[in-house]
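A note on names: the letters A, B, ... follow the listed sequences, proteins ahead of strands, and every chain is numbered from 1.
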Number of protein chains: 2
Amino acid sequence: MANRAMANSIERRSGVSLWRQIADQILHSIAIGDFAENAALPPEMALAERYGVNRHTVRSAIAALVQEGVLRAEQGRGTFVLSRKRLSYPIGRRTRFSAGLQGQASERRSVLLEATVEPASRRVADALKLARGSDVIRLEARGEADGQSVSRATSWFEARRFAGIDAAMAETGSITASLERFGVNDYLRQSTVLSARHADAADLADLDLRPGAIVLVTVAVNVTPDGQPIQFAETRFPAERVELKLSAL
Amino acid sequence: MANRAMANSIERRSGVSLWRQIADQILHSIAIGDFAENAALPPEMALAERYGVNRHTVRSAIAALVQEGVLRAEQGRGTFVLSRKRLSYPIGRRTRFSAGLQGQASERRSVLLEATVEPASRRVADALKLARGSDVIRLEARGEADGQSVSRATSWFEARRFAGIDAAMAETGSITASLERFGVNDYLRQSTVLSARHADAADLADLDLRPGAIVLVTVAVNVTPDGQPIQFAETRFPAERVELKLSAL
DNA sequence: AAAATTTGTCTATTGATATAGACAACTATA
DNA sequence: TATAGTTGTCTATATCAATAGACAAATTTT
């Protein structure tokens, strides 16, 4: 398995530097479990040969990953893997942040970054079945698991019905708990659309990523059991730290 | 919306060249519908100012997208968007390639690229509930919609039970039809795990992508209605052409 | 017809990326 | 205590990426 995963070649003149491509591949190998925690990476010379580049180029890749805290290099001994496998984030009819990561991370929370009231864009109005331009509350939140950023969500709620949900969210750190204060004791995932792209500047800052990283993006609508839309959300997940597990619903 | 989407800034010294980052952002803007088909892109000077780079850098980004067939530049007139929005590929309890894209592409088919018998790796054996090392058939197939590559799948089946499925697949061009010949009239999606990464060399060739492109990866198990696993598959989707729509199951 | 706008081409310069080789510093092992 | 294997540092050179400015070529607007 290690062979198949690391045999991937790299492309020149692609706009992505060789060291970045190699760093990405090493990161991928770790993520799919090619290296156990604390395992030694192959020596620089071996990696250079495998990828067909100079040893210094491999060193640039390793330096970047050391900087990111993924690897630790020790002179005379070798280079070692620090980071663990990806978190698996379940998505299903009842998708909840904290409950979903139970068992994978001991400490998990949702941090409210910003809350504002704004007129609904077409996209938001359509999803929540509101008139375009009517007031909605936008919440910006970051999900953290064991101190690491694992998600970054932007949510919209009807302002009239959920006035004050920002305060509830700041207090409880949970969407589920906040919605309960408004009489929503249960809600279901109506639709989820999934895509992936390179992280933009905001993602880089919020999720503590390096430029060139990939984010998984879900756009979802949550509804009450009787089908009334209550939340529209776009969530970004760092692909190198998180995978999404679509659970049978 | 155009403002928000294109206001994303770019990072220097990241290992990803500025022209590649700008090309990615333009691609993203198109994908989320910021530009209608045949709409004009802002002039090079305007884009250069927006991203804070030299006009020549923007030109490199545009040149790459012209090369990829996404844009068309006309001297004296402007630069125009050619490509359409992303396909939306439904994933649910009954995920079928051809049926899923009905209405979005007039011509769609699955092309068998390779078929071999091999011993099951641990990953495959676990998924299909077979003994490790027992024979499995591996099928490599590409999904095409209106002549464009939209998916690249690697599937495994128990060799004993599905001997000859490669021939059936070559003939019918459909997994569903092939399985019917083996008495499988219905099957369900048991699990799907989703991730994203940069395209590797094989993806680049098979899906006709440029280096640096992103692929969505699904790893799925299909089972008969009574829960017997019949197919294990890893499918790669080009993120710039496809989004995954998780349907209510 | 003239002016303004926009893409295309050229030259030149600077900084980041990649290659090449040599040797130092450190660790583990024979 | 050598010796082999590994990471760390240095110098030098070539190519790619990005900036800067000027002007040509084509199209649209005035």
Side-chain angles (χ1 to χ4, degrees), chain A residues 6 9-26 35 38-82 198 201 210-212, chain B residues 6 8-26 35 38-82 198 210-212:
Chain A
M6 307 244 349
S9 56
I10 53 181
E11 309 289 322
R12 289 164 192 269
R13 290 181 204 83
S14 66
V16 181
S17 62
L18 301 184
W19 65 261
R20 174 47 66 199
Q21 291 182 58
I22 292 170
D24 282 341
Q25 293 207 9
I26 292 173
F35 299 101
N38 290 319
L41 219 61
E44 294 170 351
M45 281 303 292
L47 289 173
E49 197 169 351
R50 169 176 299 172
Y51 291 115
V53 301
N54 192 274
R55 177 181 158 229
H56 294 295
T57 306
V58 169
R59 282 181 61 74
S60 296
I62 290 175
L65 295 177
V66 167
Q67 182 67 27
E68 290 169 34
V70 175
L71 300 176
R72 180 186 67 247
E74 293 182 29
Q75 185 171 155
R77 298 220 317 136
T79 305
F80 302 89
V81 175
L82 290 175
H198 281 121
R210 74 191 189 293
Chain B
M6 307 240 358
N8 296 335
S9 55
I10 51 183
E11 307 289 321
R12 306 174 110 91
R13 290 182 206 84
S14 66
V16 181
S17 62
L18 300 184
W19 64 262
R20 171 51 63 200
Q21 292 183 58
I22 292 170
D24 282 341
Q25 293 208 8
I26 292 173
F35 299 101
N38 291 319
L41 220 62
E44 293 169 352
M45 282 302 293
L47 289 173
E49 198 167 350
R50 171 176 298 172
Y51 291 115
V53 300
N54 192 275
R55 178 183 157 228
H56 294 294
T57 306
V58 169
R59 281 181 62 73
S60 296
I62 290 175
L65 295 177
V66 168
Q67 182 67 27
E68 289 169 36
V70 174
L71 300 175
R72 180 186 67 246
E74 293 182 28
Q75 184 170 156
R77 298 221 316 137
T79 303
F80 302 89
V81 175
L82 288 175
H198 282 120
R210 75 191 189 292

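Per the geometry, CE belonging to A/Met45 stands 10 Å off P belonging to C/dG21, to the nearest Å. For B/Glu44 and D/dA18, the CD to P distance is 16 Å, given to the nearest whole Å. Note: CG (B/Leu71) to P (C/dT7) measures 11 Å, nearest angstrom. At whole-Å resolution of the value, CZ in B/Arg20 and P in D/dC16 are 16 Å apart. Distance A/Leu47 CG to D/dT6 C1': 12 Å, rounded to the nearest Å. What separates CG of A/Leu41 from C1' of D/dT6 is a distance of 13 Å, to the nearest Å. Atoms CD (A/Glu74) and P (C/dT27) sit 9 Å apart, rounded to a whole Å. One atom, CZ of B/Arg72, and another, C1' of C/dT6, lie 15 Å apart when rounded to the nearest Å.
Listed candidates were C/dA20, D/dA18, D/dA20. Nearest to the side chain of A/Asn54 is C/dA20. Considering only side-chain atoms of B/Val53, the nucleotide from D/dT19, D/dA18, C/dT19 that sits closest is D/dT19. With distances taken from any side-chain atom of A/Arg77 to the nucleotides D/dA26, C/dC26, C/dT27, the minimum falls on C/dT27.
A/Tyr51 OH to A/Gln25 CD: the interatomic distance, rounded to the nearest 0.5 Å, is 4.5 Å. The CG atom of B/Leu47 lies 8.0 Å from the CD1 atom of B/Ile22; values are rounded to the nearest 0.5 Å. One distance of note links CG of A/Asn54 with CH2 of A/Trp19; it measures 16.0 Å at 0.5 Å rounding.
Between the base of D/dG8 and the side chain of A/Arg55 there is a donor-acceptor pair shorter than 3.5 Å. Between the side chain of A/His56 and the base of D/dG8, no donor-acceptor pair under 3.5 Å is found.
Of the possible donor and acceptor atoms, none in the side chain of A/Glu44 sits under 3.5 Å from a partner among the backbone N and O of A/Arg59.
In terms of position on DNA chain D, the residue among A/Gly15 and A/Thr79 whose nearest nucleotide sits closer to the 5' end is A/Thr79. Both B/Gly78 and A/Thr57 lie close to DNA chain C; mapped to their nearest nucleotides by heavy-atom distance, the more 5′-ward contact belongs to B/Gly78.
Taking 4.5 Å as the limit, some side-chain heavy atom of A/Gln21 sits within range of a side-chain heavy atom of A/Leu18.
Contact annotation: B/Ser17 side-chain N/O to D/dC16 OP1/OP2 distance is not under 4.0 Å. Listed pair A/Arg59 / D/dG8 meets the phosphate criterion, a side-chain N or O lying under 4.0 Å from OP1 or OP2.
Note on B/Ser60: nothing from the nucleic acid sits closer than 4.0 angstrom, heavy atoms only.
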